[in-house]
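One structure is given here, and the rest of the page talks about it.
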Amino acid sequence: MVWRMSDPGDDPGQRPVPLELVIGGRDLTEPRLSPDGRTVAFVQRWGGSSAIAVVPASGGPERLLTSSPDPAPGRGMGGGCFDWLVNSSGVVYAAADGELWVQPIGGAPVQLTALERSCRAPACSSDGAFVAVTIDEAEVALVDLASRLVTRLDDGSDDFCFDPVFAPDSTSVTWQAWNPPGMPWDASHQVTATLPTSADTRELSVTRLADAAIQQARFMPDGTSLRVDDTTGWANVAIAGRPIREHAEHASPTWGMGQRSFVSSPDGSRVAFARNEGGFGRLCVLDVRRDDAGGVAFGEVRDVGRGVHGQLSWVGQQLVALRSGARTPTQVVRYTTDEWDRTELAVGPAAGWESYDLPEPELMTIEHDNTTLHARRYAAHRGRMLCWVHGGPTDQWQVDFRPRIAYWWSRGWDILVVDPRGSTGHGREYQRALNGCWGRTDVADTAALVAEAHRRGWTEPQATVVIGGSSGGLTALGMLANHSDLVAGGVASYPVSDLIALAQATHRFEAHYTESLVGPVGDVERYRDLSPITKAGSIAGPLLVFHGTDDPVVPIGQSRLLVDRIRAGGGEVELVVYEGEGHGVRDPVNQRDEYVRTERFLDAVVG
């Protein structure tokens with residue numbers, strides 16, 4: 001029988017989702033319409049390979065566009081891999097070798113740069129003469145498509161430069177920039193450079209907002225500025241500097257390049273944007289009018305599509321997006337922008353998911369510490385629960401397609417996805433409430449949400465396991481150390497356990513992250529107090545830890561030392577090490593092993 005989610009009294013009878021379905025298929029990112037509106041290109045990744053594929057915008061067979069070298073894809077709703085040439089004859093893409101390549105449709109790839117560095121987020125000028133690109137996340141350069149001459153545009157005053165974009169008339173380039181110790185969601189600004197006519201004629205201008213962050217600089221066809229900023233307390237789309245003003249997020253934090261959570265219509269009369277409603281997604285369209293003074297006036301906001309949307313592009317009467325949902329495998333879709341009819345162009349996960357009656361989560365909020373806390377419950381009604389803490393911690397698991405959740409739900413586990421303070425999706429104040437308290441406030445919030453789940457009768461402590469990776473692993477360890485009465489055990493993947501070591505050894509992007517989340521690096525006592533490694537002797541377990549040998553974010557030495565200290569205190573812990581893996585498990589062989597070991601652990605701890 002197929003279990004009806006509306007009747008919790010039924011025996012589930014839901015077929016367990018096979019592991020082959022979970023780890024099979026491909027990841028899709030960055031669909032983009034060609035300038036002539038005839039073709040959609042998108043990036044796909046499977047195993048250790050990646051490629052750019054194309055499909056007719058009206059629907060039809062897919063074809064591979066790139067062969068070698070592999071493109072360097074973004075993740076999820078991120079991008080920064082490629083842009084179309086303005087005549088739709090091919091793409092410029094950032095390859096895995098760090099260089100820019102031109103791939104014509106039906107032609108051989110041509111190497112555009114030989115910098116021996118890391119190029120990302122190429123953007124082509126409307127006159128077809130130039131490509132703007134970010135180099136090593138630190139510089140913005142102009143590449144002449146004819147001569148291949150590379151000219152630096154930024155002046156070196158910013159540590160990070162992301163996502164360059166040309167003005168419609170191709171006379172200037174604008175990008176997002178910021179400097180440590182702040183992260184891009186703390187206080188990023190916008191830089192504009194006029195295109196140089198000689199080495200001495202470049203002009204730079206900077207747009208800064210007080211106590212706010214800017215991302216995704218764009219333009220309407222007439223040159224009106226577009227961006228996302230959080231001056232209202234929410235990450236909202238702003239048109240000509242004026243935010244739409246919704247108590248909902250219109251973008252995710254800048255963890256990488258190429259996010260495209262909004263787009264202008266070709267005539268500038270509408271703006272489509274992705275709205276985050278407590279984790280649930282929706283595609284919306286705002287009517288934009290001009291007032292008598294030449295300014296913008298906002299009209300009606302219409303909901304035109306359910307599901308988490310991103311990577312929006314709009315050409316003619318077509319809008320293409322990456323779409324996903326709790327029941328909807330990640331797909332590339334095309335909307336007609338008159339009736340908003342939707343056509344599926346490509347699907348990422350393997351065939352077979354359509355035969356499973358997957359659940360939509362239910363929202364959960366509680367009042368704790370004078371704050372409204374948020375979570376989402378995928379209910380299996382079997383009396384046992386996995387409390388899952390997202391990484392980041394400045395992030396959120398939206399209600400998109402997550403085979404991992406479906407796998408464990410289909411085996412009779414409630415999944416409680418928690419959004420402790422520090423999570424995004426609930427406004428700037430909620431996100432910043434973790435600053436200075438990482439390892440304490442997130443743990444207390446998670447404990448409060450788990451305790452409420454017990455109070456509501458969904459499960460009991462002896463049938464609850466806390467799971468998290470990276471920052472979520474830190475929170476999971478904190479739960480075992482400080483709230484062991486609420487859980488039967490924990491699973492931590494590549495967890496942060498030593499905040500001092502993290503501040504000293506993590507990768508460049510997060511090198512100063514702890515300064516906002518914990519405090520000044522010199523405050524050793526605070527770092528020790530908030531670090532799970534300091535409380536390792538209090539972790540009795542049982543605990544299962546996964547870590548890769550090549551993790552550049554959280555070096556594996558943290559987990560080795562953590563495990564040694566837990567064992568010295570008499571705790572029960574197992575460490576699984578994957579050779580060659582980084583910050584996550586990518587190899588399908590290792591993924592399979594991770595699921596098998598986790599299931600064995602859960603059966604032993606809870607049954």
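What you see below is based on every heavy atom in this structure, not just the backbone, and it leaves out hydrogens, waters and symmetry mates. If you read the sequence from its start, that first residue is 1, and numbering goes on from there.
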To the closest 0.5 Å, what do you measure between [atom1] ([X]) and [atom2] ([Y])?
X      : Y      : atom1 : atom2 : answer
Glu30  : Arg260 : CD    : CZ    : 8.0 Å
Asn236 : His247 : CG    : NE2   : 8.5 Å
Arg565 : Leu561 : CZ    : CG    : 4.5 Å
Ser516 : Asp186 : OG    : CG    : 5.0 Å
Asp442 : Leu517 : CG    : CG    : 9.0 Å
Leu602 : Arg411 : CG    : CZ    : 11.0 Å

*Can Trp255 and Trp185 be said to form a ring pair (Phe, Tyr, Trp, His ring centres under 6.0 Å), step by step?*
CA-CA 9 Å; Trp255 276 104; Trp185 43 82; 4.8 Å; yes
_Hydrogens and angles aside, do Thr514 and Trp438 bring a side-chain donor and acceptor to less than 3.5 Å of each other?_
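No donor-acceptor contact under 3.5 Å links the two side chains.
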*Is the closest side-chain donor-acceptor distance between Glu367 and Thr372 under 3.5 Å?*
yes
*salt bridge (charged side-chain N to carboxylate O under 4.0 Å, His left out) with Arg560: which residues, sequence neighbours excluded?*
none
*Would you please name every residue forming a salt bridge (charged side-chain N to carboxylate O under 4.0 Å, His left out) with Glu277, sequence neighbours left out?*
Arg275, Arg282
Are side-chain heavy atoms of [X] and [Y] found at a separation under 4.5 Å?
X      : Y      : answer
His454 : Thr459 : yes
Val606 : Val465 : yes
Val605 : Leu544 : no
Arg402 : Tyr378 : no
Tyr513 : Pro393 : yes
Val418 : Asp445 : no
Ser252 : Gln398 : yes
Trp353 : Val17  : yes

_Exactly one of His374, His390, Gln431 should register a side-chain hydrogen bond (donor to acceptor under 3.5 Å, both in side chains) with Ser423. Which one does?_
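It is His390; the other options fail the test.
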_Candidates His250, Gln216, Glu249 - the one meeting side-chain hydrogen bond (donor to acceptor under 3.5 Å, both in side chains) with Ser261_ =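 Of the listed residues His250, Gln216, Glu249, the side-chain hydrogen bond (donor to acceptor under 3.5 Å, both in side chains) partner of Ser261 is Gln216.
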Quick one: does any side-chain atom of [X] pair with a main-chain N or O of [Y] as donor and acceptor, under 3.5 Å?
X      : Y      : result
Arg376 : Trp397 : yes
Thr464 : Met385 : no
Ser324 : Phe401 : yes
Asp414 : Ala380 : yes
Glu137 : Ser118 : no
Asp27  : Arg45  : no
Arg120 : Gly79  : yes
Gln591 : Val585 : yes
Glu581 : Glu579 : no
Thr371 : Asp369 : yes

Contact summary for [X] and [Y], nearest pair of heavy atoms:
X      : Y      : answer
Arg456 : Thr365 : NH2-O, 3.6 Å
Leu416 : Leu449 : CD2-O, 4.1 Å
Ala448 : Leu373 : CB-CD1, 4.2 Å
Ala476 : Gly468 : CB-N, 4.2 Å
Ala503 : Tyr527 : CB-CE2, 4.2 Å
Tyr356 : Pro18  : OH-CD, 3.1 Å

*Got a sec: does the CZ of Arg567 have more than 12 other heavy atoms crowding it under 6.0 Å?*
yes
*Assess whether atom CD of Glu429 is packed by more than 12 heavy atoms of other residues, nucleotides or ligands within 6.0 Å.*
no
*Using the side chain to side chain contact (heavy atoms under 4.5 Å, CB included) rule, take Ile500 and Arg528 through it: C-alpha gap first, then chi angles, then the decisive distance, then the call.*
CA-CA 7 Å; Ile500 295 176; Arg528 287 176 177 166; 3.8 Å; yes
*asked:* Could you work out, with side-chain hydrogen bond (donor to acceptor under 3.5 Å, both in side chains) as the rule, every residue matching Trp234, not counting sequence neighbours?
replied: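 Counting only residues at least two positions away or on another chain, Trp234 forms no side-chain hydrogen bond (donor to acceptor under 3.5 Å, both in side chains).
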*Step by step, work out the side chain to side chain contact (heavy atoms under 4.5 Å, CB included) result for Val332 and Gln311.*
CA-CA 10 Å; Val332 176; Gln311 291 301 316; over 6 Å; no
*So Arg526 and Cys437, side chain to side chain contact (heavy atoms under 4.5 Å, CB included) or not? Walk me through it.*
CA-CA 9 Å; Arg526 185 170 190 82; Cys437 303; 4.1 Å; yes
_Trace of the side chain to side chain contact (heavy atoms under 4.5 Å, CB included) decision for Val554 with Val496_ = CA-CA 6 Å; Val554 184; Val496 175; 3.7 Å; yes
*Do the rings of Phe162 and Phe160 sit parallel, tilted or perpendicular, given the 30° and 60° boundaries?*
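Ring orientation, 0 to 90° scale: perpendicular.
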Between side-chain atoms of residues 480-495 and protein atoms elsewhere (two or more places apart, or another chain), which donor-acceptor pairs fall under 3.5 Å?
{"from": "Asn482", "atom 1": "ND2", "to": "Gly478", "atom 2": "O", "distance (Å)": "3.4"}

Lys/Arg-Asp/Glu bridge criterion (N-O < 4.0 Å) met for [X], [Y]:
X      : Y      : answer
Asp136 : Arg508 : no
Asp357 : Arg327 : yes
Arg432 : Asp211 : yes

*May I have all residue pairs that pass salt bridge (Lys or Arg N to Asp or Glu O under 4.0 Å) and include part of residues 586-598, sequence neighbours excluded?*
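Residue pairs with at least one partner in residues 586-598: Glu20-Arg592, Arg404-Glu594, Glu574-Arg597, Asp593-Arg597.
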*Restricting to pairs with a member in residues 529-544, which pass side-chain hydrogen bond (donor to acceptor under 3.5 Å, both in side chains), not counting sequence neighbours?*
Arg440-Asp529
